[in-house]
Amino acid sequence: MRRTKVSDVLKSDEIGKEIVVKGWVRTRRGSKQVNFIALNDGSTIHNLQIVADVEKFGDELLKRLTTGSAISVTGEIIASQGSGQKVEVVAKAIEVIGDCDANEYPLQPKKHSLEFLREIGHLRFRTNTFSAIARVRHAMIFAVHNFFTSKGFVNVHTPIITASDCEGAGEMFQVTTMNLNNLPRTEEGKIDFSQDFFGKATNLTVSGQLEGELAAMGMGEIYTFGPTFRAENSNTSRHLAEFWMIEPEMAFYELDDNMDLAEEFLKYLIKYALDHCMDDLQFLSQRLQEEEKGKKEEDRSMELIEKLRFVLENDFIRLTYSEAVNILKDSKPNKKGQFKYPINGYGSDLQSEHERFLVEKHFKKPVILTDYPKEIKAFYMKMNPDNSTVRAMDVLFPQIGEIIGGSQREENYDKLVNRMKEMHIPAEEMWWYLDTRRFGSVPHSGFGLGFERLMLFVTGMGNIRDVIPFPRTPKNAEF
RNA sequence: UCCUCCUUAGCUCAGUUGGUUAGAGCACAUGACUGUUAAUCAUGGGGUCCUAGGUUCAAGUCCUAGAGGGGGAGCCA
């Protein structure tokens, strides 16, 4: 008989039907007469209750059904006598597929700390929290492709290995096949990359944007969704060395179109989670409330599902950098000297305390900040007529800060080359990028969404290491 | 990288002013129990007090250095 997934059994109303279920035991409990086995196979947050007659199966077999063991159960779906579930399965046959020594197995039927589970990342898929996150993550991946497909965008695979080191988004991991213990040298004593695999120095990508722009300048509307690598020594709950980024790039879009798309996109993803992952979101919401029990009421976060609906139902606030600075300058915490970095005037980059004030205290909604001073933004952003600000946009979310960073791109060849000179970016190496501005250049825009930051928001988790299966961070590449 | 806190049983944590044999809950083992919901009750086993030095009659406790982890900051998505 073909196995039935636990999620399907729990939805079933076919009382009396004989089925086979396979999965991992979460707990076993019971009395002299009857045992109850909570079985989970990863298809749903809920467990299937298996009822096993003690006399029928005997102590020897039942004792092997420890937390973590893998079993196959043949049995009949019945209406549950207990109150915790609608249906359960009365076992006719139980087979142990994989034993699990309870003294060695680290997972117990109890609450574990997220830090401990990180140390046993190879087993954390077997917990409620991480299986819920994995299912939500999958739903979000699917929803990303759905959204863009429905809008006629084309998914483009941009390179993971790149020879350009001028993407301007941070430190890069080097890629080489050369023997690091015996590096070939040129006559001047420099490392001779002409002998390397690609004949030049190469790195892992920090962004697919530049290649994405090339694609958009022919395909119209494209998006990338791939791994991204940053070798920054960032030790925070919001940064990874290896993460997944979604970067749409659209020809003929100006900054307003870009913002409209970003807002529509985020709302689509959140709605998709609410429509398709309610069981898991409810579990994650309870988990979060449990975790925050010890906190003071004003420090607790908004209930997860309520928070997601709130973002869905409200327009994002759009304002310019200079408007934001004015609000911050006149704000209570600034006047009372409560900011660690007081706002004196225009020009400096906003600190996260300022972003958090705007999003969490002042507007209490997601905020899109635009038109930043050119000095604090990348070379490819389109200059405004004032010659001092660029058409950048950062989407700021409560708790996680910058979830999207994007801009309208500079499409004018001369202006772009000038900016590259000012910022010491070698234009010769970027000839292919500049060619798009020489041949049929058009206004275009795009942005980058950090997929794991979206996951933080949707799941309510606090640490980015818990929303990716195998986090890579400084000093950690385990599993 | 900077600031700050933490590291005691398999897990979560308590351990007073430096002072006998280092504790609790959960987990595990054994037993009891007529359908349980992280079942319950009883009994039992279980320790490199992160590592290396130092102070002291005496260190889980104080000092120094290191390792690992958490939170915050910077860089950003």
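We use all heavy atoms of the structure for the numbers below, so side chains are in, but hydrogens, waters and symmetry mates are not. Within every chain, numbering begins at 1; the chains are lettered A, B, ... in the order of the sequence lines, protein sequences first and strands thereafter.
- A donor and an acceptor atom sit less than 3.5 Å apart, one in the side chain of A:Q108 and one in the base of B:G10.
- The nucleotide whose nearest atom lies closest to any side-chain atom of A:K63 is, among B:A73, B:C28, B:U30, B:U30.
- With a 3.5 Å ceiling on both atom-pair distances, B:A39 lacks any Watson-Crick or G-U wobble partner.
- Residue A:F36 and nucleotide B:G35 are not classified as a stacked aromatic pair, given the requirement of ring centres less than 5.5 Å apart at an interplanar angle below 30°.
- With hydrogens and angles left out, the side chain of A:K110 and the base of B:C11 share a donor-acceptor pair within 3.5 Å.
- Whole-Å rounding puts the A:N235 CG to B:C76 C1' distance at 14 Å.
- Considering only side-chain atoms of A:Q351, the nucleotide from B:C28, B:G70, B:G74 that sits closest is B:G74.
- When the P atom is compared between B:G47 and B:C11, the two are found 14 Å apart, to the nearest whole Å.
- A tilted orientation is assigned to the rings of A:H362 and A:F357, their planes being inclined by 30° to 60°.
- Nearest to the side-chain atoms of A:R453 among the listed nucleotides B:G74, B:U12, B:C76 stands B:C76.
- Taking the P atoms as reference points, B:A14 lies 32 Å from B:U30, given to the whole Å.
- Listed candidates were B:G70, B:A73, B:G72. Nearest to the side chain of A:S237 is B:G72.
- The interatomic distance linking A:K32 (NZ) with B:U30 (C1') rounds to 14 Å, in whole Å.
- Checking B:A73, B:G35, B:A77 against the side-chain heavy atoms of A:I464 singles out B:A77 as nearest.
- Within the cation-pi definition used here (under 6.0 Å to the ring centroid, within 45° of the axis), A:K151 does not qualify as a partner of A:Y268.
- We find that NZ of A:K475 is positioned 8 Å from P of B:A67, with the value rounded to whole Å.
- Protein atom CD1 of A:I78 is 14 Å distant from nucleotide atom P of B:U36, rounded to whole Å.
- No N or O donor and acceptor, one from the side chain of A:R29 and one from the base of B:C33, sit under 3.5 Å apart.
- With both ends at atom C1', the span from B:C41 to B:U36 equals 15 Å, rounded to whole Å.
- Nucleotide B:C11 holds its C1' atom 10 Å from the CG atom of A:L117, rounded to whole Å.
- Pairing for B:C33 is absent, with no Watson-Crick or G-U wobble pair whose two atom distances lie under 3.5 Å.
- The residue from A:F225, A:F148, A:F265 that alone fulfils the ring pair (Phe, Tyr, Trp, His ring centres under 6.0 Å) condition with A:F153 is A:F148.
- With both pairing distances under 3.5 Å, B:C28 is matched to B:G44 as a Watson-Crick or G-U wobble pair.
- Ranking B:U34, B:A77, B:A73 by closeness to the A:Q33 side chain, first place goes to B:U34.
- Atom-to-atom, CD of A:E232 to C1' of B:G74 comes out at 10 Å; the value is rounded to the nearest Å.
- For A:S80, whose side chain is taken as the heavy atoms from C-beta onward, the closest listed nucleotide among B:A77, B:G35, B:G70 is B:G35.
- For B:U37, its base never sits under 3.5 Å from the side chain of A:N47 at any donor and acceptor pair.
- Using Watson-Crick or G-U wobble geometry with both donor-acceptor distances under 3.5 Å, B:U20 finds no partner in any strand shown.
- Residues A:Y253 and A:Q408 bring no donor and acceptor atom of their side chains to less than 3.5 Å of each other.
- Between the side chain of A:R230 and the base of B:A77, at least one donor-acceptor pair of N or O atoms lies under 3.5 Å.
- The pair A:D256-A:R391 does not meet the salt-bridge criterion, since no charged nitrogen lies less than 4.0 angstrom from a carboxylate oxygen.
- One cannot find a donor-acceptor pair under 3.5 Å joining the base of B:G72 and the side-chain atoms of A:E353.
- Both distances falling under 3.5 Å, in either a Watson-Crick or a G-U wobble arrangement, place B:A52 opposite B:U64.
- Across B:G45 and B:U51, the matching C1' atoms stand 28 Å from one another, rounded to whole Å.
- Centroid-to-centroid, the aromatic rings of A:F283 and A:H46 stay 6.0 Å apart or farther.
- A 3.5 Å limit on both hydrogen-bonding distances identifies no Watson-Crick or G-U partner for B:A58.
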